[in-house]
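This report refers to the structure that appears directly beneath it.
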Amino acid sequence: MSASERHDAMAAGYAAQRERVAAAGDMWAGCAGSFRPNLDAPLSAVQQKAASFIRAEDVLIDVGGGAGRMCVPLASRCREVVCIDPSPAMGVVFEEVVRDAGVANARFVAGAWPEVDGVEGDVALVSHVTYFVPAIVPFIEKLNEATRRRVVVMTRSAAPPNQVAAMFELFRGEPFARVPGYEELRAVLAEMRIDADVIDAGPANLAVTAPTASGREETVKGQVDGALRLGWLRSDEADAYRDVLDQHFDELFAETEQGYRPRNTLDTRELLITWETAS
């Protein structure tokens, strides 16, 4: 199996499992508001690193940009921001954000990459998207065609969707179909003869995907609420899931200075995989 075949098989396995056990419809509908950018906060370390590749005259395209959590705070540093995403719920939040903040140089394009046509930029940002891509080679080829200077893929040392694996397996009694992470992506790029750099931007900001909680009860409630929002859990399963998390609490969670976190998120790093395009 080639690197691209392995990547696509993992993404397909995740999609098939989700279709079988999760709620139907837009998977981001219940949590789109959680990805609203905080325009009053300073740029995070990973945003600062991404911003270092952007020039004032650039058009920045954010592929799978959702509600604009990564790209809208960068709008003041470039000529235009184009956010491309297939989620209607994310589009609604994005439009609210740019309208309320008076950001005039950011727009939303509804659609899934690489099917979207007519969008080009100087820099392409791809933040936590490749985990779900069913055909990675055409996705990357389209990025190279549409981007005049540089592609920046933001990922983590442990892919966020895989953070629920231990909880899922305890509750469902079956293996979790893990998404392809940064190692699988790097192997695909090497196979495509793309010379990419990997930049470690420091400890991951887990505020959305694995928020801290001060106590045991709050921690369990946060995980149940998150599973419901993401559609992995039906409302009639919530009590049973809560019981499983409570029974296995010490196995699943660790107490840190900030509060309780899932054990498999403790050493997660923010990574950027970036390369220059030939466009």
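Bear in mind that the values here come from a model prediction, so they are computed numbers and not experimental data. Position 1 is the first residue of the sequence; numbering continues from there.
Contact check for Val153 versus Tyr182: no side-chain heavy atoms found under the 4.5 Å cut-off. At a threshold of 4.5 Å between non-hydrogen side-chain atoms, the residues Val119 and Lys142 do not count as touching. At a threshold of 4.5 Å between non-hydrogen side-chain atoms, the residues Lys49 and Glu270 do not count as touching. Considering only heavy atoms from C-beta on, His248 comes within 4.5 Å of Val244 through its side chain. Side chains of Val59 and Glu120 form no contact here, defined as non-hydrogen atoms less than 4.5 Å apart. Side chains of Met167 and Pro262 form a contact here, defined as non-hydrogen atoms less than 4.5 Å apart. Inter-residue side-chain proximity for Leu170 and Glu251 is flagged as met; some heavy-atom pair is nearer than 4.5 Å. Considering only heavy atoms from C-beta on, Pro37 comes within 4.5 Å of Val97 through its side chain.
Considering every non-hydrogen atom in both Asn105 and Ala75, the closest pair reads ND2-O, 2.8 Å. When all heavy atoms are compared, the tightest approach of Leu266 to Ala254 is CD1-CB, 3.8 Å. The shortest heavy-atom contact between Leu252 and Ala166 is CD2-CB, 3.8 Å. Taking all atoms of both residues into account, the shortest heavy-atom contact from Pro114 to Pro138 is CB-O, 4.0 Å. Minimum heavy-atom separation, Gly181 to Ala159: CA-CB, 4.4 Å.
Atom CG of Asn162 and atom CZ of Arg156 lie 12.0 Å apart (nearest 0.5 Å). To the nearest 0.5 Å, atoms OG (Ser52) and CD (Gln47) are separated by 12.5 Å. If you take CD on Glu57 and CG on Asp122, they are separated by 7.0 Å, rounding to the nearest 0.5 Å. Rounded to the nearest 0.5 Å, atoms CH2 (Trp275) and CG (Leu143) are 6.0 Å apart. In this structure, CG on Leu189 lies 4.5 Å from CD1 on Ile140, to the nearest 0.5 angstrom. Once rounded to the nearest 0.5 Å, the distance linking CZ of Arg172 with CH2 of Trp232 reads 8.5 Å.
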Name every donor-acceptor pair, under 3.5 Å, that has one atom in a side chain of residues 83-92 and the other anywhere in the protein, sequence neighbours excluded.
residue	atom	partner	partner atom	Å
Asp85	OD1	Ser87	N	2.8
Asp85	OD2	Gly66	N	2.9
Ser87	OG	Asp26	OD1	3.3
Ser87	OG	Asp26	OD2	2.8
Ser87	OG	Ala89	N	3.4
Ser87	OG	Met90	N	3.1

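Shown here are the salt bridge (charged side-chain N to carboxylate O under 4.0 Å, His left out) partners of Arg99, two or more places apart in sequence or in another chain: there are none. In this structure, the salt bridge (charged side-chain N to carboxylate O under 4.0 Å, His left out) partners of Glu276, at least two apart in sequence or on a different chain, are Arg150. When the side chain to side chain donor-acceptor pair (under 3.5 Å) test is applied to Arg107, the partners found at least two apart in sequence or on another chain are Glu80. Listed by chain and number, the residues in a salt bridge (charged side-chain N to carboxylate O under 4.0 Å, His left out) with Arg77 amount to none (sequence neighbours excluded).
Checked against a 6.0 Å centroid threshold, the rings of Phe132 and Trp113 do not count as neighbours. Close placement of the Phe94 and Phe108 rings is indicated, their centers lying within 6.0 Å of each other.
Remark: the backbone N or O of Pro175 is paired with a side-chain donor or acceptor of Gln17 at under 3.5 angstrom. A distance-only check finds a donor-acceptor pair linking the side chain of Arg216 to the backbone of Asp246 [under 3.5 Å]. Between the side chain of Asn264 and the backbone N or O of Gln163 there is at least one donor-acceptor pair closer than 3.5 Å. Side-chain atoms of Glu191 come within 3.5 Å of backbone N or O of Ser4 as a donor-acceptor pair. With Asp197 contributing its side chain and Thr274 its backbone, the two residues share no donor-acceptor pair below 3.5 Å.
Counted within 6.0 Å of CZ on Arg269, heavy atoms from surrounding residues, nucleotides or ligands total more than 12; the atom is thus considered enclosed. Other residues, nucleotides and ligands contribute more than 12 heavy atoms inside 6.0 Å of the CG atom of Asp236. No more than 12 heavy atoms of other residues, nucleotides or ligands lie within 6.0 Å of NZ in Lys221, so this atom counts as exposed by the packing criterion. Other residues, nucleotides and ligands contribute at most 12 non-hydrogen atoms within 6.0 Å of the CG atom of Asp195. By the 6.0 Å contact criterion, CD on Glu19 is open, its count of non-hydrogen atoms from other residues, nucleotides or ligands being 12 or less.
Both Val63 and Met192 are members of a single hydrophobic cluster when ILVMFWY side chains are connected at heavy-atom separations under 4.5 Å. Under a hydrophobic-cluster definition in which Ile, Leu, Val, Met, Phe, Trp and Tyr are linked whenever side-chain heavy atoms come within less than 4.5 Å, directly or via other members, Phe171 and Leu245 are assigned to the same cluster.
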Run the side-chain contact (heavy atoms from CB on, under 4.5 Å) check on Val137 and Glu141 step by step: do they pass? CA-CA 6 Å; Val137 170; Glu141 288 176 339; 3.5 Å; yes

Before you tell me yes or no, could you show the steps for Val151 and Ile194 under side-chain contact (heavy atoms from CB on, under 4.5 Å), namely the whole-Å CA-CA distance, both residues' side-chain angles and the distance that decides it to 0.1 Å? CA-CA 11 Å; Val151 174; Ile194 294 175; over 6 Å; no

For a side-chain contact (heavy atoms from CB on, under 4.5 Å) check, start with the C-alpha distance between Phe35 and Val93, then their side-chain angles and the critical distance, and finish with the verdict. CA-CA 8 Å; Phe35 292 88; Val93 177; over 6 Å; no

Does the pair Val72 and Arg69 meet the rule for a side-chain contact (heavy atoms from CB on, under 4.5 Å), with working shown? CA-CA 6 Å; Val72 173; Arg69 183 163 59 101; over 6 Å; no

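Residues Leu43, Val46, Phe53, Ile54, Leu60, Met70, Leu74, Val81, Val123, Leu125, Val152, Ile199, Leu272 make up the rest of the hydrophobic cluster containing Met154, defined by ILVMFWY side-chain heavy atoms closer than 4.5 Å, directly or through other members.
A side-chain donor from one of Thr155 and Tyr131 sits under 3.5 Å from a side-chain acceptor of the other.
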